[in-house]
Amino acid sequence: MSTTAEQTLTAAELAAVRADFPLLERTVRDGQPLVYLDSAATSQKPECVIDAEQDFYLRRNAAVHRGAHALAEEATTAYEEARETVAAFVGVASDELVWTKNATEAINLVAYAMSNASVGRGAPASAALAVGPDDEIVVTEAEHHANLVPWQELCARTGAALRYLTVTDTGRIDLTSLDVITERTKLVALTHASNVTGAISPVTEVVAAARAVGALVLLDACQSVPHLPVDLKALDVDFAAFSGHKMLGPTGIGALYGRRELLEAMPPVLTGGSMVEVVTMTSTTYAPPPTRFEAGTQMVAQSVGWQAAAAYLAELGMPALAAHEAHLTAHLLDRVRTIDGVQILGPSTPEDRIGAVAFVVDGVHPHDVGQILDAAGIAIRVGHHCAQPLHRRLGVQSSARASIGVHTTIAEIDYFAEHLARVREFFGRP
Amino acid sequence: MNDAMTQLYQQVILDHARERHGYGLVTGHAGESFQVNPTCGDEIRLRVHLDTTGPAPLLERVSWEGMGCSISQASASVLTDLVRGVSVAQADELAETFRELMNSRGRSLSSAKDEMLGDAAAFTGVAQYPARIKCALLGWMALRDALAHALTQAPPAEEKNGMNNDD
Ligand SMILES: Cc1ncc(COP(=O)(O)O)c(C=O)c1O
């Protein structure tokens, strides 16, 4: 497309994008047109992604890395080409990208590999990943449970301590808390963009603090990769996790990026078929990464679908898409901010944030807010969005969240805001 | 606002959600239960106060505190009125009938059951929204659990029970 980073998508381009998403044509709740503002939970899929998955099953289906027949070769090629496309999309080499079920599994993969290293598996190469009672893992208060609970569990298994960076009242990571990163820190795990506040984390500062003490950095890139140009090498993180389904791809597939030396040093987690070299009745040697971490029959059709999604986004151009979404986010924030009795959680201006906007309505529980909007065909998320500690920190039990996707229009945001503005009245709040 | 919403949020529900009967924990209880709905973080702590002077124990009153959506708050409030002074067996029957209503996909039950449920029959519409059924049931689950504790004299459960759907 001809857009540059400064421009947003033209009306014609946006209409063309919307036409690519068959699901957007359906109605909900007695004929209301669907207004899908829940892309942060999962994205809708363009037809090319659905077609790619279907085409794989129609023409190329076979198990990969097993057998030498023609189909097996084609399927293996498709699977590895998909890896190249997705890896290139985030600026890394394809042998540094491990397929997983989702981002949650990718984060757990690192945590369990560290656990295994801590009991000597993969030694001596894995020593850098081992943790014990003298070590600390650092997370932040802004994390999704997926980037918190696996570290709590790793600490419980190994005796390491869990520390955290705090967040400010507006949901930004508080850089004055960077001093929890010390010589004892083995790994810092943080989100790139919060799925609640939309805040983009100060990754550069956190990476610098981690580097200064020799700690590793894991980035939860679930919410950034679908919306911003992300170059993991430039960010200089050691690990990153993200999911296909949040970036127009299929469910059932995610990825772990790991720096090559680290993946090479990592002991396996899931073991069994496909991830081995020589197996005897008493011992096994393991394949090099990424295969070492891909035990069992793999999600090949999903990898092909994800490749189509990454290609679709690359074709739109991530800088152009980010500029387009920044424009929509600014409008969404303006509209929500100016409704009486509605408070935004997190930054209320568009700088350094993505288009996930959580809010609370005075005197009306988020579940009830969501229900009223749902009756108008508007899909938003309500609850704690898998981030209970962050809600607690911001002084609320739960919230409602509207989040934009590539197909979101200004008219949809206005429609949403008009209905949101009437919610308090429905519940008799003055 | 559209009809579906006025059907779901009957005036009875809106009124009870605003003015919650039985709200505020009272001591001297025979049993207590704490329930959470992990999907949305709604929680309730409910106490049962028994009158054991007669041949069969009567549910003298219920007291509770909690936070949650209008459906969960109104349901606990309506429950408080319904079970006041009934026998433990009747309270259990009410809870069972309410559960049946929630599984009815929005159809009313027999008129006898409807009558028995009183204001709680206003929750019929909730059964059409699977995500909200848990909200309406939260207080009733706490009631049954608190009664079970009261009758076995077991210490109250501090842990979350039953519902799990952490997404
Ligand atoms: C910031 C963040 N991290 C992690 C996850 C977990 O992703 P998944 O459920 O695809 O594993 C999500 C989404 O649910 C998220 O928004």
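Keep in mind that this is a model prediction, so the values were computed, not measured. Residue numbers start from 1 in every chain, and the chains themselves are labelled A, B, ... in the order their sequence lines are given, proteins ahead of strands.
- Residues B/Cys135 and A/His367 meet the side-chain proximity criterion, which asks for heavy atoms closer than 4.5 Å.
- Heavy-atom pairs under 4.5 Å with chain A were tallied for B/Arg132, B/Met67, B/Gln73; the largest tally goes to B/Arg132.
- Shown here is A/Leu270, whose CG atom has no more than 12 heavy atoms of other residues, nucleotides or ligands within 6.0 Å.
- Within a 6.0 Å radius of CD in A/Gln152, other residues, nucleotides and ligands contribute more than 12 heavy atoms.
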With side-chain contact (heavy atoms from CB on, under 4.5 Å) as the test, would you mind laying out the steps for B/Met5 and A/Arg29 before giving the verdict? CA-CA 11 Å; B/Met5 287 303 96; A/Arg29 303 283 186 218; over 6 Å; no
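- Atoms CG and SG, from A/Asp368 and B/Cys69 in turn, are 5.0 Å apart once rounded to the nearest 0.5 Å.
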Applying side-chain contact (heavy atoms from CB on, under 4.5 Å), run through A/Gln397 and B/Asp42 and close with a yes or a no. CA-CA 8 Å; A/Gln397 178 209 19; B/Asp42 288 356; 3.8 Å; yes
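- The number of heavy-atom neighbours closer than 6.0 Å to CD of A/Glu425, taken from other residues, nucleotides and ligands shown, is 12 or below.
- Enclosure of atom CG in B/Asn103 by more than 12 non-hydrogen atoms of other residues, nucleotides or ligands within 6.0 angstrom is indicated.
- Among all heavy-atom pairs drawn from A/Asp374 and B/Tyr129, the shortest one is OD2-CE2, 4.5 Å.
- Using a 4.5 Å cut-off between heavy atoms, A/Gln371 touches chain B through backbone and side chain atoms alike.
- The neighbour count for A/Tyr164 OH, taken as heavy atoms of other residues, nucleotides or ligands under 6.0 Å away, does not exceed 12.
- Residue A/Glu418 places its CD atom among more than 12 non-hydrogen atoms of other residues, nucleotides or ligands, all under 6.0 Å distant.
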